[in-house]
Every structure is written in structure tokens, then in C-alpha cells.
Amino acid sequence: MKDDIKITSFGETISFQRIIGKKIGEINSPTVIAFAGIHGNERAGIHALQHVFEKINKENLSLNGNFYGISGNLNAIKKNIRFESVDLNRTWTEENLNLIKLLDYKTNEHKEQFEIYKTLKVIFKKHKGPFYFLDLHTTSSNTQPFITISDSLNNREFCSEFTIPTILGIEEFLDGPLLTFINEYGHVALGFEAGQHYDKLSVNNCEAFIWQALKVSNCVSQHEIDSYYKKSKALFSTFKIQHQFFQIDYKYNIKSNENFKMNPGFENFQFIKKNQELALSNDTKIYSDRSGKIFMPLYQSRGNDGFFIISKLSVFWLELSKLLRKFKFYSVLTLLPGVRKHKENEYTLMVNPKIAKFLATEIFHLMGYRKKIKKDNLLYFFRRDRKERIL
């Protein structure tokens with residue numbers, strides 16, 4: 001057994017290993033897997049998982065299903081840094097996974113990734129599901145809690161049980177996040193942003209989210225955790241922005257060797273106007289090219305995502321997209337000129353970019369195709385609604 005990692009934050013010292021805790025109920029029942037510390041300077045989720053497992057064990061709470069807490073970048077957690085060489089939440093690509101399976105570690109983060117991957121394989125071998133994945137994070141700016149998801153219907157249905165806002169489509173703008181990797185296997189996977197990195201309230205928010213997720217997944221009956229569940233619901237009801245869906249419209253990507261500095265004072269969901277000054281890039285002012293709400297402005301030294309701009313999705317759009325996907329209207333897309341299905345991947349469309357410029361991106365979004373990459377002079381669109389399968 002490896003030595004425990006000991007950290008002190010939020011006024012307490014805790015010890016843990018890769019598996020922060022686990023509670024086994026019924027083997028063939030819902031399994032909730034919560035990650036914390038994928039970014040090493042985001043410790044609130046680790047403390048929250050410790051607290052929840054301590055309460056479960058102390059009060060001998062019985063679970064209908066199974067619950068695991070998994071720590072992320074242990075090396076970075078010990079050093080209280082986001083990452084050492086590469087962002088562990090940007091490494092979950094097919095290329096990297098093929099390398100780590102051959103034990104070809106390029107960085108400490110790739111070694112951490114392999115250990116997490118092996119842990120997940122063991123869990124998948126032991127349980128039949130359904131599986132629900134939670135990834136607990138905090139932000140460098142002040143924020144109320146919110147959820148981020150890849151735009152699949154099972155993700156939407158699960159997070160609709162929470163009263164906090166949900167952000168769709170972040171996978172369009174990020175390469176290699178853990179939850180996108182999980183979604184490719186068809187499982188529910190939610191990112192939870194609890195608040196600012198060093199705010200003790202972020203720990204409370206993570207705990208509240210975990211209790212609610214355990215109940216929503218049917219991993220535990222509400223009567224078993226009634227007091228915790230009611231307190232968590234009451235806490236979430238105090239936040240300014242309640243249950244709404246947003247989509248990401250824009251991301252400012254920080255280039256290598258760029259000196260980026262966000263203007264002070266911005267908070268998540270704050271309204272911004274077109275042409276408003278937002279940041280500095282090598283002493284050149286950056287202005288917003290649209291009106292909307294600022295999202296995840298960067299106030300830390302590491303990271304490539306300067307800021308996002310989001311907009312609210314209407315109920316009509318959400319219901320229409322749900323209806324179109326339910327009746328598989330996405331199959332009509334292959335009838336359009338320049339659009340064809342990938343021969344080996346039923347969830348991928350290949351599109352001639354000369355034709356694609358005449359096709360509204362909104363059409364692909366409605367049908368569930370948000371992730372897009374360019375390869376071999378073609379555009380590849382990926383659908384997130386998928387059948388469940390094991391790793």
C-alpha cells in the first residue's frame with residue numbers, strides 16, 4: 001500500500017490515497033464515481049469527499065449502489081499547483097491513452113493518468129452500472145456553483161435535477177478533458193465548479209453537490225441522507241442564478257509565450273457588452289466582440305483558457321433538440337451535400353469544409369454534434385448521445 005498523502009487546507013489537515021474512499025452497496029446497482037484534484041490546486045473536492053465518506057461510515061448509512069472517491073493529480077496536489085508539466089484535464093485523448101498503455105510516460109501527469117485509468121478499469125470490471133461520473137473543480141475567479149456537461153441527453157436529464165445553472169458544449173473548445181473521454185463511453189458525466197479555489201464555502205458546495213448526486217443517481221435513498229439532502233437543497237436555493245441552461249459561444253485561447261492578464265473584478269455570469277475591454281495581451285487591450293455573460297475568467301498563472309462568453313439557451317431550443325435526437329433526425333444530415341457518415345464510427349460525420357460553410361452550426365448543435373475538428377482537409381463532427389459501454 002502506498003503512503004498516504006497529507007495536505008493542509010481550509011483550516012484542516014487530511015490524509016488520503018488515490019482512492020479517497022469507497023462504499024459498496026449492491027454490486028449490480030448504480031455506481032457513482034467522483035474525481036477531485038484533477039487540478040492540484042483545487043483541493044475543495046478532496047476535503048468534501050473526505051467529509052462525506054466520514055459521515056457515511058460514522059453513521060453507517062446504507063447505499064443502494066456503490067460510491068467511489070478518486071483523487072487526481074497527486075503530485076500536483078502535494079505541491080498545491082494546477083499541474084507540473086501538462087494539464088491532466090487535457091490529456092485524455094486516444095493518442096495519449098495508447099502511449100500510456102505501453103507505459104510510455106512523457107510526464108508525471110501521464111503516469112497519474114495511467115493510474116486513474118487502471119483504477120477505472122477495476123471499477124468497471126467489478127460493477128455493471130449504470131455509472132455516474134462527477135468531476136469536482138473550483139475556479140480562480142469568484143463564482144456561484146454551476147455544472148458543465150457535454151451535450152448529451154442523458155447528461156441533460158441528470159443535471160436537470162439540480163437547481164444551479166448548467167453550461168453545454170464546453171467540449172467544443174477543449175481538447176482532452178476527462179469528462180469528454182467518459183462521455184465517449186455513453187455514461188453520465190458532470191463537471192461541478194464549486195466556487196473560488198481557496199474559499200471554504202467551496203468545500204460546503206462540493207459536499208452539497210455530492211449528497212444531491214448520490215440521491216439523484218438512486219445510489220442512496222433520500223430517507224438515509226434526508227438531513228444532508230435537505231440542507232444541500234436549501235444551500236443551492238440561495239444562489240442568484242437558478243436552473244438555466246447556457247451554451248459557450250466564444251473562448252479566448254492564450255497562445256504560447258503570450259503575456260495575458262485578465263482585467264480585475266470580473267465574476268462568472270457577469271453581463272458584458274460588445275466592445276467592452278476585458279483583458280490585456282502583451283499590453284494590447286482585448287475587447288469583447290459580442291454581448292453575453294463572462295465565464296471562467298482566468299485569474300491564475302497557469303492555464304490556456306483566458307475567458308469564455310456564454311449565452312442562455314431557450315426552453316424551445318432545448319425541447320426541439322431533444323425531440324429531434326429522440327426520433328433520430330440526425331440521420332437526415334447525411335442526405336446533405338458534402339456530408340457523409342464515418343465508416344468506422346457511427347457517431348462521427350465527415351463534412352467537406354467548402355460545403356460546411358453554407359450549413360449553420362446551429363443545425364449540428366441541435367442534433368447533438370458539438371465537437372468539431374479539422375483533419376485531412378475534412379471537418380469531423382462528433383455526436384455525444386451514445387450507447388453505454390465499458391472502458
Side-chain angles (χ1 to χ4, degrees), residues 38-39 42 82-83 86-96 135 137-141 143 146-152 155-156 159 165-184 189-193 245-256 258 260 262 266 268-270 272 278-279 281 286-300 302-313 317 321 347-349 351 353 356-357 360-375 379-385:
I38 293 295
H39 292 138
E42 300 176 18
R82 183 179 174 90
F83 58 86
V86 295
D87 190 331
L88 184 57
N89 207 29
R90 301 292 185 272
T91 61
W92 295 86
T93 63
E94 184 177 348
E95 180 182 6
N96 281 335
D135 191 10
H137 286 270
T138 50
T139 64
S140 60
S141 62
T143 186
F146 60 90
I147 293 168
T148 62
I149 59 170
S150 294
D151 187 11
S152 64
N155 276 343
R156 281 200 213 171
C159 67
T166 298
I167 317 299
L168 302 180
I170 197 166
E171 74 272 19
E172 277 188 276
F173 300 91
L174 303 178
D175 292 322
L178 172 61
L179 293 188
T180 297
F181 168 74
I182 296 297
N183 275 134
E184 289 178 354
L190 281 67
F192 177 68
E193 300 282 354
F245 282 87
F246 295 86
Q247 71 175 2
I248 296 175
D249 299 320
Y250 174 82
K251 171 196 168 186
Y252 183 86
N253 189 53
I254 301 173
K255 301 178 181 65
S256 59
E258 178 181 356
F260 175 86
M262 195 77 202
F266 287 109
N268 270 341
F269 303 104
Q270 179 180 334
I272 56 171
L278 301 179
S281 172
I286 300 172
Y287 298 92
S288 175
D289 67 348
R290 69 196 71 200
S291 296
K293 291 182 181 292
I294 196 82
F295 181 62
M296 296 181 72
L298 184 68
Y299 288 109
Q300 60 188 11
R302 307 202 76 164
N304 298 319
D305 311 322
F307 60 85
F308 298 84
I309 299 176
I310 61 175
S311 60
K312 183 181 175 182
L313 287 166
W317 189 96
S321 66
Y347 305 109
T348 302
L349 294 179
V351 184
K357 63 183 179 182
T361 301
E362 191 73 3
I363 294 175
F364 288 93
H365 286 180
L366 277 168
M367 303 296 185
Y369 293 89
R370 283 191 175 270
K371 181 67 176 179
K372 176 179 67 176
I373 64 170
K374 189 172 184 179
K375 181 181 178 182
L379 291 175
Y380 290 73
F381 288 83
F382 304 93
R383 179 160 53 90
R384 290 304 174 203
D385 296 293

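In this chain, numbering begins with 1 at the start of the sequence shown. Just so you know, these numbers come straight off a predicted model, no measurement behind them. Only heavy atoms go into these numbers, but all of them, side chains included; no hydrogens, no water, no symmetry mates.
Using a 4.5 Å heavy-atom threshold, the side chains of Y250 and F307 count as touching. No side-chain heavy atom of M296 sits under 4.5 Å from any side-chain heavy atom of S141. Under the 4.5 Å side-chain criterion, counting only non-hydrogen atoms from C-beta, T138 is not in contact with H39. Side-chain contact between F382 and I373 is present, with at least one heavy-atom pair separated by less than 4.5 Å. The shortest side-chain heavy-atom distance between T180 and K371 does not fall under the 4.5 Å cut-off. For the pair T148 and F295, the minimum side-chain heavy-atom distance is below 4.5 Å. Side-chain contact check for L179 versus I170: every heavy-atom pair is 4.5 Å or farther apart. Looking at heavy atoms from C-beta onward, N268 lies in side-chain contact with P297 at the 4.5 angstrom threshold.
By the side-chain contact (heavy atoms from CB on, under 4.5 Å) test, R302 is found to be paired with R82, F83, residues two or more places apart in sequence or in another chain being considered. Under the rule for a ring-ring contact (aromatic ring centres under 6.0 Å, His included), F266 has no partner lying at least two apart in sequence or in another chain. E362 meets the side-chain hydrogen bond (donor to acceptor under 3.5 Å, both in side chains) test with W317; sequence neighbours excluded. Applying the salt bridge (charged side-chain N to carboxylate O under 4.0 Å, His left out) test to D289 and every residue at least two apart in sequence or in another chain returns nothing. For K251, the side-chain hydrogen bond (donor to acceptor under 3.5 Å, both in side chains) partners are N253, D305, not counting sequence neighbours. Applying the ring-ring contact (aromatic ring centres under 6.0 Å, His included) criterion to Y369, with sequence neighbours excluded, gives no partner residue. Residues forming a side-chain contact (heavy atoms from CB on, under 4.5 Å) with T361 (at least two apart in sequence, or on another chain): H365. Contacts of S152 classified as side-chain hydrogen bond (donor to acceptor under 3.5 Å, both in side chains), with partners at least two apart in sequence or in another chain: N154, N155. Residues that satisfy the side-chain contact (heavy atoms from CB on, under 4.5 Å) test with P165, not counting sequence neighbours, are Q144, F146, I241, F246, F269. Applying the ring-ring contact (aromatic ring centres under 6.0 Å, His included) criterion to F192, with sequence neighbours excluded, gives F209. In this structure D151 satisfies the side-chain hydrogen bond (donor to acceptor under 3.5 Å, both in side chains) test together with R156, R325, R370, sequence neighbours excluded. Residues forming a side-chain contact (heavy atoms from CB on, under 4.5 Å) with I363 (at least two apart in sequence, or on another chain): L333, A360.
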Are V351 and F364 close enough, and set up right, to give a side chain to side chain contact (heavy atoms under 4.5 Å, CB included), and what steps lead you there?
CA-CA 11 Å; V351 184; F364 288 93; 4.3 Å; yes
For side chain to side chain contact (heavy atoms under 4.5 Å, CB included), just list the numbers for N304 and D87, CA-CA rounded to whole Å, side-chain angles, deciding distance to a tenth of an Å, and then say yes or no. CA-CA 10 Å; N304 298 319; D87 190 331; over 6 Å; no
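Here CD1 of I147 is found 11.0 Å from CG of L168. Values are rounded to the nearest 0.5 Å. Separating the CZ atom in F308 from the CG atom in D249 is a distance of 12.0 Å, to the nearest 0.5 Å. Atom-to-atom distance recorded for D135:CG and N89:CG is 5.5 Å, nearest 0.5 angstrom. In this structure, CG in L349 is found 11.5 Å from OH in Y380, a value given to the nearest 0.5 Å. Taking CD1 of I286 as the reference point, atom CE of M262 lies at 8.0 Å (rounded to 0.5 Å). Note that CG of L178 is 11.0 Å distant from CZ of R90, once rounded to the nearest 0.5 Å.
The two residues C159 and L190 make their nearest non-hydrogen contact at CB-CD2, 3.7 Å. S288 approaches I309 most closely through the heavy-atom pair OG-CD1, 3.4 Å. Closest approach of W92 and P177 over heavy atoms only: CB-O, 3.9 Å. Taking both residues in full, the closest heavy atoms of I149 and A189 are given as CG2-O, 4.0 Å, listed atom of the first, atom of the second, then distance.
When only modelled atom types and interatomic distance are considered, E258 and S281 share a side-chain donor-acceptor pair under 3.5 Å.
Between the side chain of N183 and the backbone N or O of R384 there is no donor-acceptor pair closer than 3.5 Å.
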